[in-house]
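Excluded from the calculations below are hydrogen atoms, water molecules and symmetry mates; all remaining heavy atoms, backbone and side chain alike, are included.
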Amino acid sequence: ALAARIKRSGRGYVGEQRELYLCEDASGSESTYERLLGDAMAGDEALFAGEDAVEAAWAAVQPVLDAPRKVVSYAKGTWGPKAAATLIEGDGGWHDPKREDDSTPCAQVAKGNER
């Protein structure tokens with residue numbers, strides 16, 4: 001068995017130690033974890049993120065973690081808050097398929113009022 005520290009389920013970031021057991025199944029084939037741990041011990045990095053990839057991911061995420069923006073609420077079933085439209089105004093805006101004429105067959109089906 002191999003021990004590993006894993007995140008406890010839930011919202012908090014609390015770890016706990018768990019034993020990872022490698023057992024053969026009835027077919028004698030390796031389990032998923034057995035292959036993964038075998039690759040790690042053999043130095044095969046194909047299934048693992050390298051340090052440069054992990055650092056690049058954190059470089060993209062860290063500014064958001066350091067200065068999170070305020071969440072903007074909007075009504076359920078709408079196309080989002082008005083503030084969202086300003087994000088893409090310079091690129092032509094969002095495509096809103098809502099038609100002004102709600103009596104069309106497509107609009108009726110979308111509303112659940114099929115004739």
Begin from the C-alpha positions of F48 and V54 and carry the test side-chain contact (heavy atoms from CB on, under 4.5 Å) through to its verdict. CA-CA 10 Å; F48 302 91; V54 173; over 6 Å; no

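Residue E89 is tested with L87, D91, T86 for a side-chain contact (heavy atoms from CB on, under 4.5 Å); the sole match is T86.
A 6.0 Å sphere centred on OH of Y74 holds no more than 12 heavy atoms belonging to other residues, nucleotides or ligands.
Applying the side chain to side chain donor-acceptor pair (under 3.5 Å) rule to R18 yields the partners E16; only residues at least two apart in sequence or on another chain are considered. With sequence neighbours left out, the side chain to side chain donor-acceptor pair (under 3.5 Å) criterion links D66 to Q62.
When all heavy atoms of P81 and S73 are compared, the pair lying nearest together is CB-O, 4.1 Å. Between Q17 and R5, the closest heavy-atom pair is N-NH1, 3.6 Å. In plain terms, the two heavy atoms of A53 and A49 that are nearest each other are CB-CB, 4.5 Å.
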